[in-house]
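Any value given below was found using the heavy atoms of this structure, including those in side chains, with hydrogens, waters and symmetry copies removed. Lettering of chains follows the sequences in order, A, B, ..., and the numbering in each one begins at 1.
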2 protein chains.
Amino acid sequence: MTPNTLLLDVLAGRPVDRTPVWLMRQAGRILPEYRQLRASLRDFKELVESPAAAAEATLQPVDHLGVDAAIVFSDILTVPEGLGLLYEMVPGFGPRFPKVIERPSDILELRSAQEAADQLEYVYGAVAESRKRLAGRVPLIGFAGAPWTIFCYMIEGQGSKTFSKARKWLRQYPHESAALLERIAETTSIYLYRQIDAGAQVVQLFDSWAGVLSEDLYREFALPASIAALSPLGQTGVPRIHFAKGIGGHTLETCGVEAYGVDWTTSARRARAAYGPGVVLQGNLDPSALYGTPESVGRLTTQMLYDFGPNHIANLGHGVYPDTELDSVKAFIAAVKAHRPEPIVCA
Amino acid sequence: MTPNTLLLDVLAGRPVDRTPVWLMRQAGRILPEYRQLRASLRDFKELVESPAAAAEATLQPVDHLGVDAAIVFSDILTVPEGLGLLYEMVPGFGPRFPKVIERPSDILELRSAQEAADQLEYVYGAVAESRKRLAGRVPLIGFAGAPWTIFCYMIEGQGSKTFSKARKWLRQYPHESAALLERIAETTSIYLYRQIDAGAQVVQLFDSWAGVLSEDLYREFALPASIAALSPLGQTGVPRIHFAKGIGGHTLETCGVEAYGVDWTTSARRARAAYGPGVVLQGNLDPSALYGTPESVGRLTTQMLYDFGPNHIANLGHGVYPDTELDSVKAFIAAVKAHRPEPIVCA
């Protein structure tokens, strides 16, 4: 069996025969095999914290969907947990932290970055076990939440439409906010380094709540913290993908890593024009496009591939919705695999 | 007393001495006078449905903040109520519709556009009473939710982070979705026409959930429905403001009305460059900026005024958050009033 290195090739700027494809949240409720695995366990956290079970979930989309990359099955909320804030996953509601950061002095009670990263051995175990089971079939992606997104959960304790409490912190306690973001960034850096050490061949940072920030706050707090998390990993040679959701209204620009995720509310044409043709971009089909017929999924996917052109990793613009039909997911993957870029004609 | 016509002047392209200013949600919990009025009534809906009480709330920010415009105190959910779906305002949760549109055949049970608009006499009463009490001091703005945003609530029955059920409708029932949007648009058109007839001097359409749509769905469904709602009002001569929140990643362009709202996640410089210097833009200070000190509010407001330049209506990029300090709101208004554009020097 020839190893599928499409993702690593695109990230390294090597020529490829076709665009690689994977989906955010590809391991999850869309797969009957996942629902079966999940039903055999107590709860979501048991799945995340058991390396064998997490590795099984990690490999399912490779086996059953034929994607070009695996991403370790885990959660972005492991980092606040490592720092000392335990989370619960409440069915039908989402994550909730019984204890949050209420005032600046609460930061003093958090663990150090090194101690926090040391709490997360189960993630490194899941990475190692996944890599072993993949046996080189496709590359393995490790990931973490971006510091700003983790900061949101640590302040608010749960999801929010506006995250206005977290934004209030940035405005009212700018120095303490920067200090907390720095602690999270340092933890994230060690955390991703340990994932690489355990076998992750690519790492992705998810800034899921970047889109609630104005340009000034994004540039002052969120972006520098993401750079602080990713920059030290440059020496490993492992490619880094930065995915800041919702920044299409201002900063579509490079920040020193190997690839950039694009969400579905930023048009592919605008992203390509803003970043330039040589930058590797990942995304961005509207997850709701997979509610359409397989024919329309194919048509919209092909359009997206033309809009991005070369230096592209095909993906959705956000995680796949849990009620998506499996046939639509397969139509998306098939459309990418069938697509061949137009040959360059020398006149 | 000289009537303050700054807002009407900017919208008509007449020269002004300074930029007009008002705030979305300026009538509300930030004002002690509002909290007192609200406490004297049974609930939020009694306030919306009583023309005298609504007019009192409408005038409070004119009296106590010195803004350059009043906006009638009401709610965007009056239109689905007119169509036949009653809503409840659940304290600490937000709006909720016990009955929603679940399948295409449910559309048949809705009222016609004319019948729906006829249900909303209390809004026209609030507009008339507000206009009378204003006695020409500042212009009065009427408003409605944009068809796509109303569609979201009619399908989902409450707020949502992704409105994926509503987006699923667009993908699975494109014809029925267009028909429902058309019914909402026609209702909205009559509704705004009746507000103008009762005394509204400007109308604004709020597309609060435009930002969950990809460019293709926005162009195919949301934007045409907004145009269908606003276009017939052109003959009245009353200026129209279209505020689609979250479209900064794709369509910053004119659609035939007199002014465009800009949200806080789209940079003022990008918006001005995209629309061009001659288009009237409204916005867009980050509401969280008002959590800062009065000095920082002043600095950020002045920066925004420079970034937009002429043809600008100063506002926040979204409704003011209810826990905002009154002094910060006043600092925002004062900074706009103190600002004089740089004189044009002829060399």
Between B:Gly246, B:Gly248, B:Gly249, which residue shows the highest count of heavy-atom pairs closer than 4.5 Å to chain A?
-> B:Gly249
Considering non-hydrogen atoms only, spot the tightest contact between B:Val100 and B:Glu156 and give its length.
-> CG1-C, 4.1 Å
B:Lys161 versus chain A, the contacting section by heavy-atom distance below 4.5 Å = side chain
In terms of heavy-atom pairs under 4.5 Å with chain A, which of B:Asn284, B:Leu290, B:Asp323 leads?
-> B:Asp323
Give, as side chain, backbone, both or neither, the part of B:Leu285 having an atom under 4.5 angstrom from any heavy atom of chain A.
-> neither
Chain B contact via A:Ile247 - which portion, at a heavy-atom distance below 4.5 Å = neither
Locate the shortest heavy-atom distance separating B:Asn311 from B:Pro277; write the atom from each residue and the value.
-> ND2-O, 3.0 Å
Against chain A, work out which of B:His318, B:Gln303, B:Arg167 has the most heavy-atom pairs shorter than 4.5 Å and name it.
-> B:Arg167
Closest-packed option against chain A by number of heavy-atom pairs under 4.5 Å, given B:Ala289, B:Ser160, B:Gly211, B:Ala271 = B:Ala289
Of the backbone (N, CA, C, O) and the side chain (C-beta and beyond), which part of B:Ala274 lies under 4.5 Å from a heavy atom of chain A, both, or neither?
-> neither
Measure centre to centre between the rings of B:Phe243 and B:Tyr260, then say whether the value is under 6.0 Å.
-> no
Please state whether the side chain, the backbone, both or neither of B:Leu300 comes within less than 4.5 Å of a heavy atom of chain A.
-> side chain
So, for B:Ala268 and B:Asp307, which heavy atoms are closest and what is the spacing to 0.1 Å?
-> CB-CB, 3.6 Å
Region of B:Asp216 in contact with chain A, defined by heavy-atom distances below 4.5 Å = side chain
In terms of ring plane angle, is the pair A:Tyr321 and A:Tyr291 parallel, tilted or perpendicular, where the classes change at 30° and 60°?
-> parallel
Least distance between heavy atoms, B:Thr302 atom then B:His339 atom | CG2-ND1, 3.9 Å
The single option from B:Trp209, B:Trp169, B:Phe151 passing ring pair (Phe, Tyr, Trp, His ring centres under 6.0 Å) against B:Phe163 | B:Trp209
Between B:His250, B:Glu215, B:Arg270, which shows the greatest number of heavy-atom pairs under 4.5 Å with chain A?
-> B:Arg270
Heavy-atom closest pair, residues B:His242 and B:Ser226 | NE2-OG, 3.2 Å
